[in-house]
Structure formats: structure tokens, C-alpha cells
Amino acid sequence: MSYGIRRLAAGAISVLALLAFSASAMAARPSTSGWGEFDSAHFAVHYPPTGSLADAQTISSNLEAAYSTEVGSWGFNPPVSDGDSRVDAYIQDTGGHLGESIRDNPAPPTTSGYIVIDPAAIADPETAAHELFHILQYAIYSHGAKFLKEGTAEWAGANVARGTSWLFAYWGSPEQPLDCIPTSPCGTSDLSYSRWIFFDYLSEQYGPGIVKEIFEKAAALSAADDPATDIQAVDQVLAAHGSSLTQAFNGFTAANAGATYSFPGLAGSGKLPHAAASFYTGAANGTLPVSALTIDHLASNYVYFRSGDPHVSSAGCGAATLNLSVDLPAGSASVPSVSDAFGVDALSVSGSTASISVPWTNCTGSLVALGLPNPGSTAADDGKQFVVHASLTLTPAKLRATAAPHITVTLPKLASVARNRPFLRFNIRSSGRGTLLVLLKSHYVRGSFSLKHGLNRLKLHLPRGFRGGRHQLVLTAFSTTGQRGQTLKRHVRIHLRGRPAPAGAAAKKPQRYAA
């Protein structure tokens with residue numbers, strides 16, 4: 001059978017675009033009567049009369065580059081021979097997919113295979129790398145659950161091409177179990193490809209060879225297409241590295257909360273995993289509403305805490321402590337974590353309670369992400385309840401106020417701003433921690449930002465209907481205890497890119513395409 005995939009558009013969590021990769025069962029190879037062929041060291045690329053030699057050379061180049069990385073650098077086994085020294089690749093309409101990989105014999109644990117590339121994907125290096133990785137999988141173990149086969153193939157394609165349009169897809173539905181069983185929402189919505197980020201996390205911790213080890217262990221366990229056995233293979237491989245799936249999943253949840261990846265685009269993107277709950281912590285001492293969250297096995301929820309109160313001025317605000325505690329399910333090995341501007345920290349676990357106190361403020365502009373992992377690995381671990389408690393304790397003002405930091409601003413004289421994402425970006429260099437209040441006078445647009453020592457890259461959201469032109473920006477620094485500092489005034493000319501939306505036009509809905 002053929003596996004279809006709906007690939008997410010790069011940089012968007014909810015926008016769907018079409019791609020299909022597959023690890024397919026036995027199928028007749030395309031008839032190549034009258035076709036041309038281009039041979040390279042490891043591939044024979046066949047192209048129809050409607051294609052061209054240049055197309056075949058492009059695909060061959062992409063496949064050879066992928067081979068150099070996946071076999072040459074990562075150490076995966078070469079493909080099983082189909083009778084000669086080259087893997088066959090065919091340029092052919094795949095019926096809406098961008099690529100397919102097809103086993104010559106679906107029964108044995110290893111087999112040769114061939115690749116089909118849709119004309120729409122001729123120049124796509126990620127498609128070539130993804131499909132080649134399926135062929136390399138077949139040389140170790142041709143079976144496996146979909147989350148493993150497609151998750152690792154997309155991991156390979158992403159790392160060879162240094163990009164993937166599944167970049168943030170997992171973050172859109174972190175509440176769905178990692179193993180993505182066919183009857184689950186993940187399985188029915190075909191998000192198994194989004195599991196690439198878990199294998200990227202493992203490869204960043206242990207090197208790319210760990211993915212090969214997982215396939216070898218799945219073969220040793222005769223995992224077939226059972227997700228539970230593949231999960232067992234992952235756990236046993238991690239145990240050989242002195243860890244476990246439980247520890248890795250706790251760490252994976254923390255990495256997602258803090259976007260602590262080296263993969264291009266994940267860190268510093270400003271994207272966050274989907275929030276199960278979100279709160280402002282307020283301007284006064286108090287207890288926040290309790291959140292009771294139900295989490296299934298190998299899934300996570302995220303709760304976000306934003307400082308201050310957007311309806312209250314931050315002038316005179318100061319330091320505080322955010323106290324967090326989580327009631328864990330009985331017997332759970334979960335280790336929640338928090339991420340803020342200063343890093344990622346695990347909560348301290350005592351019995352069935354995890355807790356942490358975070359240096360905080362009642363000024364607006366700060367964010368803490370709380371990641372709640374359920375590292376249980378079976379369906380028996382589904383439906384576990386995690387209860388989150390939070391409170392704010394203000395730090396009494398010192399008799400001697402902390403001095404406001406000294407700031408300098410870097411602002412372009414002409415700022416080009418996308419009309420559909422109207423953010424004015426600017427940089428503030430600060431001599432210490434504090435708060436920055438910003439006023440764009442012509443529209444009375446206000447913003448409050450938490451400052452750290454050194455360079456702060458900030459962006460001010462501009463309202464709907466904002467007009468370009470020359471504007472004055474007024475910036476005032478405050479200390480962490482509310483001491484007012486210098487005020488800077490700068491002029492900027494703002495140019496809005498893109499056409500304005502027609503009056504009354506409705507936002508386009510994400511489009512889903514059939515595989």
C-alpha cells in the first residue's frame with residue numbers, strides 16, 4: 001500500500017499544502033519503452049519522452065548529494081542491490097504525491113526498492129533525500145510503524161535539505177501521542193511525518209547514528225508494523241546510551257518549550273507549541289486559576305504564563321516571584337520543565353508534586369512556558385491528569401530604588417513592514433535588566449517589553465488599518481523596581497508592503513488536499 005502525506009507549509013502551523021512520500025508495497029515498475037536514462041555512480045534515473053535529460057541530471061544530483069550524507073556521513077547501509085549497482089529512479093506522475101519509494105518485495109525483512117519522483121518535485125532536494133532514506137531503511141528493516149518510517153525519512157530529508165515544511169507541525173498538536181497509532185487523531189490526520197522533530201532531538205543529543213540503531217533494534221525485535229514494538233526499540237537503544245525513552249521524552253518536551261534546537265528555524269522563530277492554557281499573572285499578589293489537564297501517553301501539554309496585566313499600566317512595576325507546582329499522576333515519571341528568556345529549567349520533583357519558583361515581574365512583557373510531559377509509553381498511560389497551581393508574590397520595594405538601565409536604540413530610518421504581519425522591529429541595547437515602555441505617538445500604539453542586559457531584539461505590533469509615513473517613537477526605560485530612567489525620541493518612516501485586504505474579505509481557511 002502507498003502512504004500519502006499532507007505537508008505543512010513552511011513557517012505555518014495550520015496551513016496545509018500537498019506533498020506525498022511513501023514506503024509502498026510491491027508494485028509493477030513503470031514501463032520505460034522509449035524513455036531516456038541518465039546513470040550516475042549510484043542511481044539510474046529514467047525519464048519519459050515528455051521529460052528531459054536535464055531533469056534526470058537534476059534528480060541524480062539531488063540523490064547523489066543525499067547518498068553522500070546518508071550513507072557517506074551518517075553511516076547507513078548502502079541499498080540492497082536489485083541486480084546491478086544502481087538504484088532506479090523514475091520521473092512519473094504520482095497522482096498528487098511528490099515522491100514514492102516502493103519495495104520490490106514487501107515480505108522479507110530487507111529488500112531492494114525503487115523511487116518515483118513526480119515532475120513537480122524534480123528540483124526538490126528534500127523529496128530526493130526523503131525517498132532515498134526509505135530505500136536505506138529497506139536495507140536494515142523494511143517494516144516498521146508509520147511514525148518511525150515516515151518520521152525518520154522526513155528527518156533525513158529535512159537534515160539533508162536543511163529545511164522542511166513540517167518544521168512546526170508537531171508543535172501544532174503536541175497533545176497527540178508520539179507513536180501516532182493508525183486509529184488515533186494523529187494517524188487519521190496523517191501527522192506521522194511531523195514526528196521528524198523527535199528524531200531530530202535524538203540525533204542532536206546522540207548523533208545521527210542513533211536512528212540507524214533504532215532500525216537495527218526494530219529488526220532484531222521483528223517489530224513488523226507494530227508501533228508498540230518500535231517504541232520498545234527506541235527505549236532499548238536509549239538504554240544502551242545510558243538513558244531511556246522516559247528521560248528522552250521529558251527532555252524532548254523541555255526542548256520544545258524552549259525551542260532549544262540547532263536545526264535551522266526552530267530556535268529563535270518566535271513560534272510556540274500549542275497552548276492548553278494561558279494566563280496573565282497580574283499586577284498584584286494572588287493565586288491564579290487552577291488548571292487540570294488530561295494528557296495521553298507520550299504526549300505533552302503546554303501552559304503559558306505572561307507577566308503583568310495588559311489592562312494596567314506597567315509604570316512603577318517591579319520584581320516578583322512566580323510560584324508553580326504540578327500535581328503529577330500517581331506513579332508517573334514525568335519531569336515538567338519551564339522555559340523563559342534565561343533558559344530552560346526542570347521542576348523539582350518530590351513524590352507526586354513538581355515545583356519551581358521563577359524570578360518574575362508584574363511588568364508586562366515576560367513569558368514562561370511550562371511543559372507537561374506524560375512519558376508513559378502505552379495506552380494504559382492515557383488520560384492521566386496533571387493539575388497546575390500558580391501564584392504571584394511581589395518582591396517588596398527596596399528603600400533604595402534600583403537604577404533604570406541605560407539604553408541605546410537602533411531603528412531604521414525607513415522600516416519596511418508587511419501589511420499582513422504589521423510589526424515594527426527595532427533593537428535596544430541595555431546596560432541591565434528592566435522594562436521598556438514604547439509609544440508610537442501618531443496612533444498612540446503602546447507596548448511594554450522586558451529588557452535583559454545586552455542586545456534586545458524587539459517588535460511592536462501595529463494595529464489594523466495602520467498607515468505608513470513618518471512617525472515618532474518615544475521609548476522610556478524603567479528599572480526592575482519601577483525607577484524611571486531616560487526617555488528617547490526617534491523618528492521612523494514606515495512603508496507598508498503588500499496590498500490591503502478588500503473590504504469585508506474573509507480570511508482564507510486552511511485547505512486540505514486528498515493524498
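What's counted below: heavy atoms across the whole structure, side chains too, no hydrogens, waters or symmetry copies. Quick caveat, the model's predicted, so the values are computed rather than measured.
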>> Could you check whether Arg162 makes a cation-pi contact with Phe263, meaning its NZ or CZ is under 6.0 Å from the centre of the six-membered ring and within 45° of the ring axis?
In response: yes
>> Is there a side-chain contact (heavy atoms from CB on, under 4.5 Å) between Leu272 and Tyr302? Walk through the geometry before answering.
In response: CA-CA 9 Å; Leu272 296 169; Tyr302 295 85; over 6 Å; no
> How far apart are the closest heavy atoms of Thr364 and Pro310, and which atoms are they?
Replying inline: CG2-N, 4.1 Å
>> Between Arg497 and Ser416, is there a side-chain donor-acceptor contact under 3.5 Å, judged purely by atom types and distance?
In response: yes
>> Test of understanding: with side-chain hydrogen bond (donor to acceptor under 3.5 Å, both in side chains), list the residues that count as partners of Ser262, not counting sequence neighbours.
In response: Glu204
> Taking atom types as modelled and ignoring hydrogens, do the side chains of Thr253 and Asn256 form a donor-acceptor contact shorter than 3.5 angstrom?
Replying inline: no
> Relative to the ring of Phe249, is the ring of Phe252 parallel (under 30°), tilted (30 to 60°) or perpendicular (over 60°)?
Replying inline: tilted
> Do the side-chain N and O atoms of Thr164 and Trp196 include a donor-acceptor pair separated by under 3.5 angstrom?
Replying inline: no
> Nearest heavy-atom pair of Leu167 and Pro264: which atoms, and what distance?
Replying inline: CD1-O, 3.9 Å
> Which atoms form the tightest heavy-atom contact between Ala333 and Asn250, and what is the distance?
Replying inline: O-ND2, 3.1 Å
> Does Asp179 come within less than 4.0 Å of Arg195, counting only side-chain N to carboxylate O?
Replying inline: no
> For residues Thr476 and Thr487, is any side-chain donor paired with an opposing acceptor at under 3.5 Å?
Replying inline: yes
>> What I want to check is whether the side chains of Asp200 and Asn159 have a donor and an acceptor closer together than 3.5 Å.
In response: yes
> Parallel, tilted or perpendicular: which describes the rings of Trp171 and Tyr261, with under 30° parallel and over 60° perpendicular?
Replying inline: tilted
> Is the closest side-chain donor-acceptor distance between Thr353 and Ser325 under 3.5 Å?
Replying inline: no
>> Per the side chain to side chain donor-acceptor pair (under 3.5 Å) rule, what does the pair list look like for residues 328-341, sequence neighbours excluded?
In response: none
> Is the closest side-chain donor-acceptor distance between Ser278 and Arg306 under 3.5 Å?
Replying inline: yes
> Which of these, Thr281, Thr395, Thr321, sits in a side chain to side chain donor-acceptor pair (under 3.5 Å) with Trp360?
Replying inline: Thr281
> What's the verdict on ring-ring contact (aromatic ring centres under 6.0 Å, His included) for Tyr201 and Tyr170, showing C-alpha distance, side-chain angles and the deciding distance?
Replying inline: CA-CA 12 Å; Tyr201 170 78; Tyr170 179 86; over 10 Å; no
> Can you tell which of Val335, Leu328, Leu347, Val326 makes a side-chain contact (heavy atoms from CB on, under 4.5 Å) with Leu372?
Replying inline: Val326
>> Quiz question: by atom type and distance under 3.5 Å, do the side chains of Asp382 and His297 form a donor-acceptor pair?
In response: yes
> Heavy-atom count around His491 NE2 within 6.0 Å, excluding the residue itself: above 12?
Replying inline: yes
>> I'd like to know if the side chain of Asp327 pairs up with that of His389 as donor and acceptor (distance under 3.5 Å, no hydrogens or angles considered).
In response: yes
> Where do Ser366 and Thr361 come nearest, in terms of heavy atoms and distance?
Replying inline: OG-CG2, 3.7 Å
> Under 3.5 Å, is there a donor-acceptor pair between the His241 and Gln205 side chains?
Replying inline: no
>> Give me the atom names and distance for the closest heavy-atom approach of Asp230 to Ala218.
In response: OD1-CB, 3.5 Å
> Can you name the closest pair of heavy atoms from Cys363 and Ser307 and give their distance?
Replying inline: O-OG, 2.5 Å
